[in-house]
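Structure, as structure tokens:
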Amino acid sequence: MSERIEDIAQAMVQEGQGILAADESTGTIKKRFDSIGTENTEANRQAYREMLFRSQEAMNDCISGVIMFEETLYQKAVDGTPFVDLIKAAGAVPGIKVDLGAHPLPSAPGETVTEGLDGLRGRLSNYYEAGARFAKWRAVIAIDDVLPTYGGIKANAHALARYAALCQEAGIVPIVEPEVQMDADPADHTIERCHEVTAAVLKTVFAELSDQNVKLEGMILKPNMVVPGSKCAAQCSPEEVAHHTVSVLKRAVPSAVPGIAFLSGGQSVIEATANLNAMNAAFDTPWALTYSYGRALQASALSAWGGNADNVAAGSDAFTQRAKMNSLAAKGEWKEDMEAA
Ligand code: 13P
């Protein structure tokens with residue numbers, strides 16, 4: 001594998017491939033395990049991730065990179081193979097979530113800023129040693145009639161840009177993730193409101209990236225799609241989501257960025273596939289449009305596995321199915337009737 005960040009970024013968004021976000025923190029994976037009645041032990045976390053990373057067809061053909069939590073980056077498969085080596089053997093790039101979570105922004109009720117810049121240079125050099133070649137930092141943007149404030153957007157965009165510059169200095173591709181939330185209360189905003197807020201956020205993020213001299217060719221953008229809030233009465237078709245999302249991106253994202261890999265953000269597994277497909281089927285864009293899904297790649301695998309070693313093959317099959325459907329969507333070749341097959 002080449003070590004130029006531009007080449008790593010290109011490999012991460014290669015045709016028909018996308019990113020598996022398996023970077024749930026120990027607290028977040030507890031919520032996922034609670035939903036299947038599985039205890040949140042290190043052994044169970046290891047077994048679940050090994051099931052995903054050993055899904056050969058999905059990993060070889062549909063997954064270009066895997067985002068891990070720090071514990072997972074240093075974990076090994078049961079036979080002693082480091083997870084990093086399993087992922088590389090499948091032709092995918094190992095990645096690491098480096099932010100330390102969203103915390104309340106002072107004097108800004110309802111808004112957060114993502115922390116983790118202090119000491120990041122040292123941590124990045126350790127993660128590079130461990131084999132990580134890309135990283136992720138998620139900024140969380142609240143949305144309602146009045147939020148976000150410009151100060152809230154600016155604080156998050158500045159942190160994203162500082163993080164991205166530090167990553168590139170370390171030879172690591174930054175995934176820049178500003179997430180306008182779709183399902184945090186009140187979650188009743190319209191698609192037009194999401195359009196307006198996402199446009200303002202991306203404009204500010206790219207201004208800050210420019211101020212921090214981030215090389216656009218060596219980064220990946222991970223945005224939300226432009227969708228109505230999950231509790232908005234007016235839900236939208238994949239074609240409407242595609243139209244709004246691509247219009248916002250075309251106005252805000254320079255064509256030097258090699259790829260845009262969406263988060264799923266609470267969309268159902270089928271919605272996440274259908275919406276991505278609608279964009280790739282109808283639009284020519286200067287950047288690749290693909291997936292960096294957590295829940296939308298894992299939900300069916302998690303329930304098929306159910307924390308039971310006897311169900312590893314079923315869990316792996318369920319993950320492979322979602323990976324293949326999303327790979328088709330990244331090429332605009334998915335059709336709903338393929339889900340049954
Ligand atoms: P979801 O696809 O479940 O939103 O997770 C993606 C992610 O990495 C969030 O930071």
Side-chain angles (χ1 to χ4, degrees), residues 12-13 18-35 48-49 52 62-70 72-73 92-103 112-116 132 134-143 156 159-160 163-164 167 173-184 187 194 198 201 205 219-227 229-230 241 245 259-276 289-303 318-319 322-323 325-327 329-330:
M12 288 166 63
V13 295
I19 295 159
L20 167 62
D23 60 324
E24 299 83 2
S25 63
T26 309
T28 301
I29 200 73
K30 178 180 187 315
K31 288 188 217 157
R32 308 281 185 263
F33 282 5
D34 282 349
S35 75
Y48 175 63
R49 267 71 181 245
L52 298 176
C62 313
I63 301 297
S64 55
V66 178
I67 320 175
M68 288 175 275
F69 188 58
E70 191 179 69
T72 318
L73 180 72
V93 184
I96 172 84
K97 182 225 305 287
V98 303
D99 70 67
L100 301 180
H103 296 269
T112 60
V113 66
T114 300
E115 297 184 358
F134 76 92
K136 179 191 106 168
W137 177 292
R138 172 172 174 258
V140 180
I141 308 293
I143 176 171
N156 277 290
L160 277 167
Y163 140 83
C167 285
V173 171
I175 292 189
V176 172
E177 180 179 7
E179 175 176 4
V180 178
Q181 293 195 292
M182 70 175 276
D183 64 358
C194 183
T198 304
V201 168
V205 166
M219 64 161 276
I220 304 290
L221 179 70
K222 175 165 176 167
N224 53 286
M225 294 184 195
V226 177
V227 291
S230 54
V241 170
T245 304
I260 297 175
F262 294 99
L263 59 95
S264 61
Q267 296 180 39
S268 74
V269 296
I270 303 291
E271 279 166 355
T273 303
N275 289 338
L276 177 63
L289 291 178
T290 188
Y291 46 91
S292 175
Y293 294 161
R295 285 162 285 179
L297 273 170
Q298 294 183 53
S300 41
L302 185 71
S303 53
F319 169 52
R322 289 300 356 120
M325 293 298 110
N326 285 306
S327 167

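Keep in mind that the numbers below use all heavy atoms, side chains included, and drop hydrogens, waters and symmetry copies. When a ligand or atom number is given, it counts from 1 through the structure's own listing order. Bear in mind that the values here come from a model prediction, so they are computed numbers and not experimental data.
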Could you go through the side-chain contact (heavy atoms from CB on, under 4.5 Å) check for L20 and F319 one step at a time? CA-CA 10 Å; L20 167 62; F319 169 52; 3.9 Å; yes
Report the C-alpha separation of D99 and Y163 in whole Å, then their side-chain angles, then the decisive distance to 0.1 Å, and conclude whether the side-chain contact (heavy atoms from CB on, under 4.5 Å) test is met. CA-CA 9 Å; D99 70 67; Y163 140 83; over 6 Å; no
Could you go through ligand 1 and note, for every N or O atom, any protein N or O atom closer than 3.5 angstrom, writing the atom names and distance to 0.1 Å, or 'none'?
residue: ligand 1; atom: 2 (O); partner: S264; partner atom: N; Å: 2.8
residue: ligand 1; atom: 2 (O); partner: S264; partner atom: OG; Å: 2.5
residue: ligand 1; atom: 2 (O); partner: G294; partner atom: N; Å: 2.8
residue: ligand 1; atom: 3 (O); partner: R295; partner atom: N; Å: 2.8
residue: ligand 1; atom: 3 (O); partner: R295; partner atom: NE; Å: 2.7
residue: ligand 1; atom: 4 (O); partner: G265; partner atom: N; Å: 2.7
residue: ligand 1; atom: 4 (O); partner: R295; partner atom: NH2; Å: 3.1
residue: ligand 1; atom: 8 (O); partner: K136; partner atom: NZ; Å: 2.8
residue: ligand 1; atom: 8 (O); partner: K222; partner atom: NZ; Å: 2.6
residue: ligand 1; atom: 10 (O); partner: K136; partner atom: NZ; Å: 2.5
residue: ligand 1; atom: 10 (O); partner: E177; partner atom: OE1; Å: 3.1
residue: ligand 1; atom: 10 (O); partner: E177; partner atom: OE2; Å: 3.0

Ignoring hydrogens and angles, write down the donor-acceptor pairs under 3.5 Å from the side chains of residues 264-273, residues two or more places apart or on other chains.
residue: S264; atom: OG; partner: A296; partner atom: N; Å: 3.3
residue: Q267; atom: OE1; partner: A272; partner atom: N; Å: 3.4
residue: Q267; atom: OE1; partner: N275; partner atom: ND2; Å: 2.9
residue: S268; atom: OG; partner: E271; partner atom: N; Å: 3.0
residue: E271; atom: OE1; partner: S268; partner atom: N; Å: 2.9
residue: T273; atom: OG1; partner: V269; partner atom: O; Å: 3.1
residue: T273; atom: OG1; partner: R322; partner atom: NH2; Å: 3.0
residue: T273; atom: OG1; partner: N326; partner atom: OD1; Å: 2.8

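Applying the side-chain hydrogen bond (donor to acceptor under 3.5 Å, both in side chains) test to R138 and every residue at least two apart in sequence or in another chain returns E179. Considering only residues two or more places apart in sequence or on other chains, K136 meets the salt bridge (Lys or Arg N to Asp or Glu O under 4.0 Å) condition with D23, E177.
For the residue pair A330 and T290, the shortest heavy atom distance occurs at CB-OG1, 3.8 Å.
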